[in-house]
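Side chains are part of it too, since the values below use all heavy atoms of this structure and drop only hydrogens, waters and symmetry mates.
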Number of protein chains: 2
Amino acid sequence: MDVLDALMTRCSIRRFRRERVPREVVNKFLQVLFRSPSAADARPWQFVVIDRPDVLDALGRAMPHCDMLLSAPLGILICADPAREKIPGFWPQDCAAAAENLLLAAHGVGLGAVWIGLHPVPDRERTVRELLKVPESLIPFALIAIGPPAERPTWEDRYDPSRIHWNAWGVHESDARTC
Amino acid sequence: MDVLDALMTRCSIRRFRRERVPREVVNKFLQVLFRSPSAADARPWQFVVIDRPDVLDALGRAMPHCDMLLSAPLGILICADPAREKIPGFWPQDCAAAAENLLLAAHGVGLGAVWIGLHPVPDRERTVRELLKVPESLIPFALIAIGPPAERPTWEDRYDPSRIHWNAWGVHESDARTC
């Protein structure tokens, strides 16, 4: 799939067929995660691959609004590892870039995926930390549920030119053309 | 370019040829930005397109380590708009996902790009706010410098299996296989 098509057509998928994701596909996802950009190339992250249905079910039952985990065959937890940071305060952005790369990789191989935000929701961080035994020095950041899609969401046009400015705030396209 | 290839081969580019990026390419970048995922689909962002060389030069001279702006023909500022947020605390992740999408779109059309982090660096936020007249209610989050690449960085393998866990923290692949 072309990268621009992937960027334009990706949607959140929240219902899956629980069919095993091939190991070579999981490997590809992990390689993509490690290629994500990070501030000063600090790579402040670690990952937990979850492919056991009982573990996915336990996570899905322990958190509200996480039913997607009850049908997903695969989850990948992105954990922040702030001790690795080189420029203070950038780890949420770094981990978010990795999460987005994973969503796009899943879409690119024809799977669906959805970003389950954990940080900064204390209950969710605590639940995932306990179930997956994540040490206190790391932060459960986002859990990406992945699998063959069992729904087809409607694509929505979100383009909003009123939020695009040209060379300075408040200068919109029509203004710029009259300059 | 295939999306998986794009994810694997993207690198930061910090030296450009200052040749105008065609308007239809800029339009594509803006469309891609608005397709980024965000918590509860809040889209807490606005964008400033910078294609005036004098504005790019002023930004590049006003901030340390921002020489990339002195050769880039295009910059896109991602501004956080926290008032649009629906779930508190997620806007840095949402804006970071948009930044990553833009880097990938630039790579996908054969251009280079680099993510210049602004938030949470107070000096940088203030400088960009002043030069681009960003209102106090918004937060200059990241500036992406884009253009035809004038350097070819070496690709680095960053894969690190010691940071991959299976179904629980500390369970690595060799352990998992013996279960």
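The parts of A:Val32 that come within reach of chain B are both its backbone and its side chain, each placing non-hydrogen atoms under 4.5 angstrom from that chain. Looking at B:Val128, neither its backbone nor its side chain comes within 4.5 Å of chain A, counting heavy atoms on both sides. Of the two parts of A:Cys95, neither the backbone nor the side chain holds a non-hydrogen atom closer than 4.5 Å to a non-hydrogen atom of chain B. With a threshold of 4.5 angstrom between heavy atoms, A:His119 approaches chain B through its backbone and through its side chain. Of the atoms belonging to B:Arg84, it is side-chain heavy atoms, and not backbone ones, that fall under 4.5 Å from chain A. At a 4.5 Å heavy-atom cutoff, A:Ala39 makes no contact with chain B through either its backbone or its side chain. For B:Glu100, the part sitting under 4.5 Å from any heavy atom of chain A is the side chain, from C-beta outward, and nothing else. With a threshold of 4.5 angstrom between heavy atoms, A:Leu138 approaches chain B through side-chain atoms but not through N, CA, C or O. Neither the backbone nor the side chain of B:Ile76 comes within contact range of chain A, judged by heavy atoms closer than 4.5 Å.
Between the side chain of B:Arg35 and the main chain of A:Glu156, a donor-acceptor pair closer than 3.5 Å is present. Formation of a donor-acceptor pair under 3.5 Å by the B:Asp51 side chain with backbone atoms of A:Asn167 is not found in this model.
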For this session: Given side chain to side chain contact (heavy atoms under 4.5 Å, CB included), test B:Leu132 with A:Trp169 step by step and report yes or no.
Result: CA-CA 6 Å; B:Leu132 299 181; A:Trp169 197 267; 5.8 Å; no
For this session: Give the C-alpha distance, both sets of side-chain angles, the deciding distance and a yes or no for side chain to side chain contact (heavy atoms under 4.5 Å, CB included) between A:Val121 and B:Phe90.
Result: CA-CA 9 Å; A:Val121 183; B:Phe90 277 90; 3.8 Å; yes
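No continuous path of hydrophobic side-chain contacts links B:Leu103 to B:Met68 [ILVMFWY only; heavy atoms under 4.5 Å]. In the hydrophobic clustering of this structure, A:Ile146 groups with A:Phe34; members are Ile, Leu, Val, Met, Phe, Trp, Tyr whose side-chain heavy atoms approach within less than 4.5 Å, directly or through other members. Note: the hydrophobic cluster containing B:Leu59 does not contain A:Val171 (ILVMFWY, side chain heavy atoms under 4.5 Å, direct or indirect links). Each of B:Leu70 and B:Ile116 belongs to its own hydrophobic cluster when Ile, Leu, Val, Met, Phe, Trp and Tyr are linked at side-chain heavy-atom distances under 4.5 angstrom. One hydrophobic cluster, built from ILVMFWY side chains closer than 4.5 Å, cannot hold both B:Trp166 and A:Leu69; they sit in different ones.
Put simply, of B:Lys133, B:Met8, B:Arg52, B:His107, the one with the most heavy-atom pairs under 4.5 Å next to chain A is B:Met8. The greatest number of non-hydrogen atom pairs below 4.5 Å with chain B, out of A:Pro135, A:Gly108, A:Gly75, is found for A:Pro135. Counting heavy-atom pairs under 4.5 Å between each of B:Asn101, B:Val134, B:Leu33 and chain A puts B:Asn101 at the top. Residue with the most contacts toward chain A among B:Ser162, B:Pro37, B:Ala168, B:Ala99: B:Pro37 (heavy-atom pairs, distance under 4.5 Å). For the set B:Leu56, B:Leu131, B:Leu30, the entry with the most heavy-atom pairs within less than 4.5 Å of chain A is B:Leu30. Across A:Ile50, A:Val55, A:Asp2, the residue that shares the most heavy-atom pairs under 4.5 angstrom with chain B is A:Asp2. Between chain A and the residues B:Gln93, B:Arg10, B:Gln31, the most heavy-atom pairs under 4.5 angstrom are made by B:Gln93.
Closest approach of A:Pro88 and B:Pro120 over heavy atoms only: O-CG, 4.1 Å. Closest non-hydrogen pair, B:Leu104 versus A:Leu104, comes out as CD1-CD1, 3.4 Å. Between A:Arg43 and B:Arg163, the shortest heavy-atom contact is O-NH1, 2.6 Å.
Atom CG of B:Asp160 and atom CH2 of A:Trp45 lie 11.5 Å apart (nearest 0.5 Å).
In terms of the ring-ring contact (aromatic ring centres under 6.0 Å, His included) criterion, B:Trp115 has no residue partners (sequence neighbours excluded).
For the pair A:Arg158 and B:Asp41, the salt-bridge criterion is met [side-chain N within less than 4.0 Å of a carboxylate O].
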